[in-house]
*Asks:* 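Shown below is the structure under consideration.
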Amino acid sequence: MEIISDISVLRTRLKPEQSIGFVPTMGNLHEGHLSLVTITQQHARCTVVSLFVNRLQFSPHEDFDRYPRTLQNDFALLKEAGVDIVFLPDEKTIYPAPQTFQLLLPALADTLEGAFRPGFFRGVTTVVLKLFNIVQPHIAVFGKKDYQQLHLVRDMVEQLNLPITILAGETIRLENGLAFSSRNSYLTSVERSEASQLYQSLNQIKHAITAGERNLTLLEETAKQQLNQRNWKVDYLSAMQRNTLLPATSQDTELVILGAAWLGTTRLIDNLEVTLPQPLG
Ligand code: PAF
């Protein structure tokens with residue numbers, strides 16, 4: 001496994017490669033990331049994983065400074081997974097000058113996560129576009145855990161005509177349902193078992209919809225209240241159309257329930273897809 005920090009060295013190394021698969025990450029790797037690596041390896045001959053904690057997608061009061069950085073462990077996991085190249089740029093490499101050119105995003109970027117983390121998706125898409133330009137992959141894999149991010153990256157690639165196929169990886173969960181996330185490392189052991197309640201709430205809404213309940217607002221509000229009673233602070237719990245991430249309508253059969261909530265000082269996000277045999281009605 002090669003570790004490359006310099007853009008021109010990376011480009012020279014990748015020039016002869018016919019089939020490049022890419023997984024962008026912020027490091028602190030876990031099984032979720034490794035599952036994306038596996039998908040990449042099934043579709044491309046040369047696998048590149050980037051490790052870069054992108055300051056641009058954090059607001060000043062957010063956890064950029066304390067975001068877990070576990071480089072040696074990340075290298076060991078990637079080597080064991082058979083990754084060919086780790087791209088490990090420093091901040092000056094990605095942002096040699098203030099990043100005054102940034103993308104103008106669609107309204108979707110201001111909803112759900114974007115409503116609670118202003119500027120987040122501008123930071124994400126800007127760095128993803130830069131990384132795509134640097135690595136020039138044929139395919140890139142993103143996890144469904146960050147559902148709205150996956151959606152926006154797909155739209156960006158399509159609307160900007162980037163010659164990259166975006167593939168999606170399923171969310172990988174612990175036995176209790178808690179989705180793997182780098183931010184799980186902030187949780188105390190008591191919080192860690194409580195944390196699966198976010199998934200339980202999404203499941204509760206999913207089962208109620210599948211069983212025929214059609215008052216989505218009531219379902220969302222009930223689940224929110226239940227979490228709040230357990231000392232969570234819910235940012236949102238919303239059933240949306242899967243293809244647009246707009247509120248679900250009576251014609252929809254393909255939904256996704258998205259949630260974000262604080263447990264103590266840790267903010268967790270998760271989602272669950274729901275496919276109905278008939279439109280919601
Ligand atoms: O999902 C992430 O880890 C980040 O948002 C990404 C895509 C690596 C961009 O910094």
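Values reported hereafter were calculated over all heavy atoms of this structure, with side chains retained and with hydrogens, waters and symmetry mates removed. Only a predicted model underlies this, so the values are computations on that prediction, with no experimental measurement involved. Counting begins at 1 with the first residue of the sequence. Each ligand, and each atom within it, is numbered from 1 in the order the structure gives.
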*Asks:* Any side-chain heavy atom of Leu174 within less than 4.5 Å of one from Leu178?
*Replies:* yes
*Asks:* Which protein heavy atom lies closest to atom 3 (O) of ligand 1, and at what distance to 0.1 Å?
*Replies:*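 Here the closest protein heavy atom is Met26 CG, 3.7 Å.
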*Asks:* In plain terms, say whether Glu113 and Arg267 are close enough for a salt bridge, that is, a side-chain N and a carboxylate O under 4.0 Å apart.
*Replies:* yes
*Asks:* Given the ring of Phe180, does Arg173 sit roughly above its face, with NZ or CZ under 6.0 Å from the centre of the six-membered ring and within 45° of the axis?
*Replies:* no
*Asks:* May I ask you to list the atoms of ligand 1 that are less than 4.0 angstrom from any heavy atom of Val127?
*Replies:*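 The atoms of ligand 1 under 4.0 Å from a heavy atom of Val127 are 9 (C), 10 (O).
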*Asks:* Looking at Thr126 and Gly123, would you say the former's side chain and the latter's main chain have a donor-acceptor pair under 3.5 Å?
*Replies:* no
*Asks:* Do Arg122 and Phe101 form a cation-pi contact, if we require the NZ or CZ to be under 6.0 Å from the six-membered ring centre and within 45 degrees of the ring's axis?
*Replies:* no
*Asks:* I'd like to check whether Asn54 has a polar contact with ligand 1, where a contact means an N/O of the residue lying under 3.5 Å from an N/O of the ligand.
*Replies:* no
*Asks:* Please check whether Thr25 reaches ligand 1 - meaning an N/O of the residue sits under 3.5 Å from an N/O of the ligand, judged on distance alone.
*Replies:* no
*Asks:* Under 4.0 Å between a side-chain nitrogen and a carboxylate oxygen: does that hold for Glu17 and Arg45?
*Replies:* no
*Asks:* Classify the contact between Val153 and ligand 1 as side chain, backbone, both or neither, using a heavy-atom distance cut-off of under 4.0 Å.
*Replies:*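 Neither part.
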*Asks:* With heavy-atom distances below 4.0 Å as the criterion, list the atoms of ligand 1 near Gln149.
*Replies:* 1 (O), 2 (C), 4 (C), 5 (O), 7 (C)
*Asks:* Would you mind running through ligand 1 and noting each atom that sits below 4.0 Å from a heavy atom of Gln57?
*Replies:*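 Near Gln57, the atoms of ligand 1 are 4 (C), 5 (O), 9 (C), 10 (O).
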*Asks:* Of the choices Gly27, Ala140, Pro24, which has the non-hydrogen atom that lies closest to atom 8 (C) of ligand 1?
*Replies:*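 The option holding the nearest heavy atom is Pro24.
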